[in-house]
Amino acid sequence: MKIKIFYFARLKETLKFSTEDLELPDDEYAGLTVLKLKAHLAKRSDVWQQMLLGKLKVRGAINHELVDDSAALSDGDEVAFFPPVTGG
Amino acid sequence: MKIKIFYFARLKETLKFSTEDLELPDDEYAGLTVLKLKAHLAKRSDVWQQMLLGKLKVRGAINHELVDDSAALSDGDEVAFFPPVTGG
Amino acid sequence: MTIRIQTQDFDAGLEIKQLRHARKDTGAVVSFIGQVRDINEGDTVSLLTLEHYPGMTEKALQSITDQAKSRWDIFDVLIIHRVGTMQPSDQIVLVAVISAHRGEAFKACEFIMDYLKTEAPFWKKEVTQQGDKTAERWVEAKITDDEARQRWAKPY
Amino acid sequence: MTIRIQTQDFDAGLEIKQLRHARKDTGAVVSFIGQVRDINEGDTVSLLTLEHYPGMTEKALQSITDQAKSRWDIFDVLIIHRVGTMQPSDQIVLVAVISAHRGEAFKACEFIMDYLKTEAPFWKKEVTQQGDKTAERWVEAKITDDEARQRWAKPY
């Protein structure tokens with residue numbers, strides 16, 4: 001399964017990543033949810049752990065739609081992680 | 001007692017009066033209210049009767065403040081009669 | 001606080017710009033423009049004439065604005081209301097409110113409009129076209145305007 | 001319906017004028033302008049930078065506008081939101097709504113702003129002056145914005 005991930009605002013700045021393409025073995029990552037993806041990424045380092053599963057509120061989007069942690073991911077999806085929005 | 005009266009919109013147009021100065025004998029018109037003034041003016045003709053005490057809703061003001069029919073008039077007051085407002 | 005009654009048109013963009021620049025801590029600007037519709041109660045409207053009660057009009061608008069300022073945390077208010085003869089799409093009224101945050105400005109602006117519609121001494125007369133016939137008529141007050149004003153009387 | 005995300009400033013007066021002239025039966029124009037405040041949480045703000053998520057931003061604003069159009073009897077909506085770096089008193093956002101009568105336009109405009117504030121992917125970072133010190137910080141989301149949005153979820 002291939003997905004594209006975007007990071008915005010404080011996440012982008014702290015993780016020093018604005019986007020990445022991620023390939024995950026289909027058998028191991030069947031039924032991948034947003035929460036499971038966060039947990040997978042959090043294993044990279046303490047900073048990733050803090051930013052994705054720490055006390056900072058993180059919102060997720062799949063293909064430009066806001067989703068909950070329980071949302072399921074499909075091959076080719078565009079995923080994004082960011083803090084609560086502050087526009088307007 | 002001397003008062004000044006203004007008429008606006010449909011009242012002005014129909015009565016053919018935009019303003020008038022009215023002098024009323026103090027003894028006869030002590031405790032004059034807006035309603036009593038309307039009744040006094042209504043005696044002038046059928047048209048005055050219809051416009052001031054007919055089915056048209058008439059609002060009154062004393063010295064630029066909206067008032068009820070029961071409001072009391074004093075010497076020197078500026079009184080106005082007009083239909084419900086329709087600005088904005 | 002500025003209240004203007006005038007026959008000439010106004011530049012709403014310029015007025016709003018001047019108002020919002022008055023304070024550097026302004027975060028929100030809510031404005032309402034009322035304009036002449038080309039239709040009313042099913043009939044084509046070609047002209048609208050606005051009459052008012054000079055002296056009382058200014059006082060009524062001042063009182064409405066004072067009430068808004070005492071109820072909501074707003075910085076400033078601008079009201080411009082035209083009188084005289086206007087055509088469809090012409091501007092009739094501008095109410096603009098500035099505040100730190102948007103909630104207060106939205107409420108104050110709508111409150112001022114709802115009160116202006118029911119308490120400020122303006123009257124509209126319109127020229128309508130009904131087929132070949134041209135007719136003049138006074139615009140009737142709407143119950144929905146009284147209801148809109150009533151909402152604000154509730155405890156808040 | 002027009003949605004624009006841009007770095008350059010805009011002429012709010014001209015935009016509002018074009019919008020209200022689009023239909024001759026427009027009677028009400030309600031607009032909101034959000035601008036950069038020179039103070040936030042007690043600190044002087046000298047610069048504000050807005051970042052967004054291209055692609056999602058437009059879809060989120062489109063969805064918010066569609067919801068407003070399905071809930072209220074409005075003619076048209078214009079949203080302009082700037083991104084990039086701005087100074088105090090600079091315009092950030094314009095939301096303008098036209099309708100026949102004012103109640104619908106007021107509700108729709110405030111609804112759009114309340115949803116934009118909580119669902120459209122924009123993030124603000126500000127440069128503050130604290131005495132001699134210059135600091136950069138991300139603006140925190142406000143609970144009051146979530147509460148403002150929640151009001152619209154009630155049955156209507």
ask   = Hey, which residues of residues 30-39 of chain B are touching chain C, say heavy atoms under 4.5 Å apart?
value = none

message = Below 4.5 Å, heavy-atom pairs only: which of C/T118, C/V95, C/L50 has the largest tally toward chain B?
response = C/T118

ask   = Below 4.0 angstrom, N of the basic side chain to O of the carboxylate: do C/K59 and B/E65 qualify?
value = no

request  = Would you check if the side chain of C/W138 reaches a backbone N or O of B/A9 as a donor-acceptor pair within less than 3.5 Å?
outcome  = no

message = Does anything in residues 16-24 of chain B reach chain C? List residues with heavy atoms under 4.5 Å apart, or say none.
response = none

message = Main chain of C/E140, side chain of B/T86: is a donor-acceptor contact present, judged purely on distance under 3.5 Å?
response = no

ask   = What part of B/F8 lies closer than 4.5 angstrom to a heavy atom of chain C: side chain, backbone, both or neither?
value = both

ask   = For C/K125, is it the side chain, the backbone, both or neither that has a heavy atom under 4.5 Å from a heavy atom of chain B?
value = side chain

key: Which portion of C/E58 sits near chain B, non-hydrogen atoms under 4.5 angstrom   = neither

query = Going by heavy atoms in the side chains, are B/F82 and C/E51 under 4.5 Å from each other?
reply = no

request  = Take B/H64 and C/Y53 through the test ring pair (Phe, Tyr, Trp, His ring centres under 6.0 Å) and record every step on the way to the result.
outcome  = CA-CA 9 Å; B/H64 299 151; C/Y53 179 3; 5.3 Å; yes

key: Closest heavy-atom pair and its distance - C/P121, B/V85   = CA-CG1, 3.6 Å

